Peer 1: 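Okay, handing you the structure first.
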Amino acid sequence: MTAVTCSSLALSGADQLRAGSSARSAFAAGSSGSLRVAHLQQHVQQRRQQRQRRQQRAAVAQSAATTAAPPSTPVQPAGPGGRGPTYDASAPLSPSKVLFTDIELPLYDPAEQKVFDVVVVGSGPSGLAVADRVAAAGLEVLVVDPNPRAPWVNNFGVWIDEFELMGLTDCLDVTWDKALVHLDASPEGKRYLARPYGRVDRPKLKRRLLERSIASGVRFYQAKAQGVKHGGGRSTLQLDGGVQVSGSLVVDATGHSRKLVDFDKPFNPGYQGAYGIVVEVESHPFEVDTMLFMDWRDDHLDAFPDIKQRNARLPTFLYAMPFSPTKIFLEETSLVARPIIPFPELKLRLEKRVHHLGIKVLSVEEEEFCAIPMGGCLPARPQRVIGVGGTAGMVHPSTGYMVSRVLGAAPLVADAIIDQLSSVSDKATDSHLGRAPRSEAEADAMAAAVWAAMWPVQRLRQREFFEFGMEVLLKLDLAETREFFAAFFALSPYHWHGFLSSRLSFISLIGFGLSLFAKSSNAARLNLLQKGLPGLLVMLSRLATLK
């Protein structure tokens, strides 16, 4: 479900566009208030003292997790000849990378020894969107990435209304008037969703973000970040080859690798796993004007009782984008599981579906492996490195959506950064000063203010509800999952649209939960009570500690 899982917003496009235009004035009014008071500086001082101990523990944990955890997303797993995971050498060759060779990057020469206002690590959607907006405000921005012009590999799908709110509908290359859900093989299990859907034109969107960043004055350095040190109000990145670059603030946009941000709690997410292919076929049975959002049918496994039993216990569904009568994207997706369902199992289930549907594949144009961490703890807050995108926990914990979320959140995060760096010289008495923080305490407070703008209490409450939803979904088998989505898609568009796009406030989410319970069958209600009560108690205890 790469297209589904990488494409919603926990701050809606409308929220973010409004936030982008008002963040500077609204946030600046508070930046001299509670976020700069003495107790915050004392708190961040304590954080700094704890950082070394956390990093030592994290180094040990990361060493173990490297071998145990599934790959990040978007992901193109390494293997013999680039054929996917080492345990799946039969996978067809992945598409060759095609770079934007016509785009000339303004490169930074480390010999300049320049201190930037902001250093952004990563050139994905979130990194480039933040870099562009900060640089457009007149600040000096450097983007560090091993290959900033590389294309994004995985297919991304979005609800069209989300991209409309951000003025990005021209970055969709295929659209569908409606979506379809199959709960089971019966006629009653077929549900049409009156909400248009689209596939992101990945090259066009990446080109737009790159060209806008260059026009705004962003510079680039092609390398991998190995670590970061803080001192004297600056943050210094250690890069490949012993190179160092410094900035007043550092933004980690490295996705789920969580390269630079610190965690002070064990990271134990669920995982959405997906195996997908873009194929040329003789024909397929799907409506070309309809996007297949979820297909939970399992009659294709009737002749394979072992696989059917595994699917009944840990269900997966088909997600399909028909581009034409002879070209289609097919993806077998696990909504959420802990641990992840292995790629060979996902691939096997997809093969059985394709054969059952009578689809004869003529060629495989693209192959995707996606492993998306969902939920889990947020990074330690506050801390000096500012996360954005996957590294900041912006994936929807119940659905895996992200792309629209990070593009929508970029104005808010960028404007908070601009306000903090501008505040140094805002006062008439300080007009002669530069934008750099003058001490570690001031730099810590600036970063803390950006984190607070990104994760205000109302958004933390919302995320706790989504985390609760994920924990419930982890416990559902196929029959229970079907009952859940039968009730879910029977809700009003306000509720199910808002849940998938994270437009609902916490109070509205309570209404969503009550409506879902009311729409459920008696058996489903009992099941939700039994499986949801422990998670509900955990959510309530966490909510009590938020401030």
Side-chain angles (χ1 to χ4, degrees), residues 44-63 65-66 72 108 110 112-124 126-127 130-131 134 139-146 148 218-264 267 378-393 413-414 416-417 420-421 435-451 454:
V44 295
Q45 282 284 75
Q46 292 171 348
R47 285 282 190 190
R48 190 185 314 118
Q49 292 169 1
Q50 296 169 355
R51 186 177 297 131
Q52 185 175 7
R53 292 193 297 272
R54 287 204 310 268
Q55 288 175 338
Q56 290 171 347
R57 291 195 302 269
V60 176
Q62 183 63 34
S63 176
T66 299
S72 303
Y108 168 63
E112 296 179 35
Q113 297 186 340
K114 183 178 182 60
V115 178
F116 288 85
D117 293 312
V118 179
V119 179
V120 177
V121 184
S123 65
S126 59
V130 169
V134 173
L139 277 69
E140 304 257 14
V141 180
L142 177 70
V143 169
V144 174
D145 189 280
V218 175
R219 297 172 72 181
F220 294 82
Y221 188 74
Q222 297 181 203
K224 287 185 179 180
Q226 302 298 333
V228 62
K229 294 181 179 180
H230 311 289
R234 295 182 182 179
S235 296
T236 301
L237 284 164
Q238 287 78 47
L239 310 179
D240 291 339
V243 174
Q244 295 184 341
V245 295
S246 296
S248 297
L249 293 175
V250 168
V251 174
D252 183 349
T254 59
H256 303 299
S257 64
R258 305 180 301 279
K259 185 74 176 178
L260 302 173
V261 297
D262 291 335
F263 285 76
D264 55 6
F267 186 64
L378 290 173
R381 303 177 322 281
Q383 63 174 291
R384 271 291 278 287
V385 175
I386 299 163
V388 68
T391 200
V413 176
I417 290 172
Q420 288 304 303
L421 289 173
R435 290 184 291 257
R438 292 162 289 186
S439 66
E440 281 293 278
E442 189 169 58
D444 284 342
M446 285 182 174
V450 179
W451 277 106
M454 190 189 321

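Fair warning: this is a prediction, and the values are worked out from it, not measured in the lab.
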Peer 1: Which pair of non-hydrogen atoms, one from Val228 and one from Ser235, has the smallest distance, and what is that distance?
Peer 2: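 Scanning both residues completely, I find the closest heavy atoms to be CG2-CB, 4.2 Å.
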Peer 1: For the CG atom of Leu239 and the NZ atom of Lys224, what is their distance to the nearest 0.5 Å?
Peer 2: 12.5 Å
Peer 1: Give me the atom names and distance for the closest heavy-atom approach of Thr236 to Ser246.
Peer 2: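 Smallest interatomic distance, heavy atoms only, reads OG1-OG, 2.9 Å.
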Peer 1: Side chain to side chain contact (heavy atoms under 4.5 Å, CB included), that's the test. Do Val251 and Val413 meet it? Break it down for me.
Peer 2: CA-CA 10 Å; Val251 174; Val413 176; 5.8 Å; no
Peer 1: Closest approach of Tyr108 and Lys114, non-hydrogen atoms and distance?
Peer 2: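 Smallest heavy-atom distance, with atoms named: OH-N, 3.0 Å.
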Peer 1: Mark yes when over 12 heavy atoms from residues, nucleotides or ligands other than Gln113 sit less than 6.0 Å from its CD; otherwise mark no.
Peer 2: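 For Gln113, atom CD is not crowded (no more than 12 foreign heavy atoms under 6.0 Å).
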Peer 1: Given 3.5 Å as the limit, does a donor-acceptor pair link the side chain of Arg234 with the main chain of Lys229, or not?
Peer 2: no
Peer 1: When rounded to the nearest 0.5 angstrom, what distance separates CZ in Phe263 from OG1 in Thr391?
Peer 2: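 Going from CZ on Phe263 over to OG1 on Thr391, the span is 6.0 Å.
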Peer 1: Compare every heavy atom of Leu260 with every heavy atom of Gln383, then report the nearest pair and how far apart it is.
Peer 2: OE1-O, 4.5 Å
Peer 1: List the steps and the verdict of side chain to side chain contact (heavy atoms under 4.5 Å, CB included) for Leu421 and Met446.
Peer 2: CA-CA 8 Å; Leu421 289 173; Met446 285 182 174; 4.1 Å; yes
Peer 1: Using every non-hydrogen atom in the two residues, find where Pro148 and Ser123 come nearest and quote the distance to one decimal.
Peer 2: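 Of all heavy-atom pairs spanning Pro148 and Ser123, the closest is CA-OG, 3.4 Å.
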Peer 1: I need the Arg384 CZ to Asp444 CG distance, nearest 0.5 Å.
Peer 2: 5.0 Å
Peer 1: Are any non-hydrogen side-chain atoms of Pro110 and Gln244 less than 4.5 angstrom apart?
Peer 2: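 Not touching, per the 4.5 Å side-chain cut-off.
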Peer 1: Checking side chain to side chain contact (heavy atoms under 4.5 Å, CB included) for the pair Val121/Lys259: CA distance, chi angles, key distance, verdict?
Peer 2: CA-CA 9 Å; Val121 184; Lys259 185 74 176 178; 5.7 Å; no
Peer 1: Is the shortest heavy-atom distance from the side chain of Phe116 to the side chain of Val245 under 4.5 Å?
Peer 2: no
Peer 1: Can you check side chain to side chain contact (heavy atoms under 4.5 Å, CB included) on Val134 and Asp117, steps first, answer last?
Peer 2: CA-CA 9 Å; Val134 173; Asp117 293 312; 5.9 Å; no
Peer 1: Can you name the closest pair of heavy atoms from Glu440 and Gly233 and give their distance?
Peer 2: OE2-N, 2.8 Å
Peer 1: Taking the side chain as every heavy atom from C-beta outward, state whether Val388 and Ile386 have any pair of such atoms under 4.5 Å apart.
Peer 2: no
Peer 1: Any side-chain heavy atom of His230 sitting closer than 4.5 Å to one from Val385?
Peer 2: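 Answer yes - side chains close enough.
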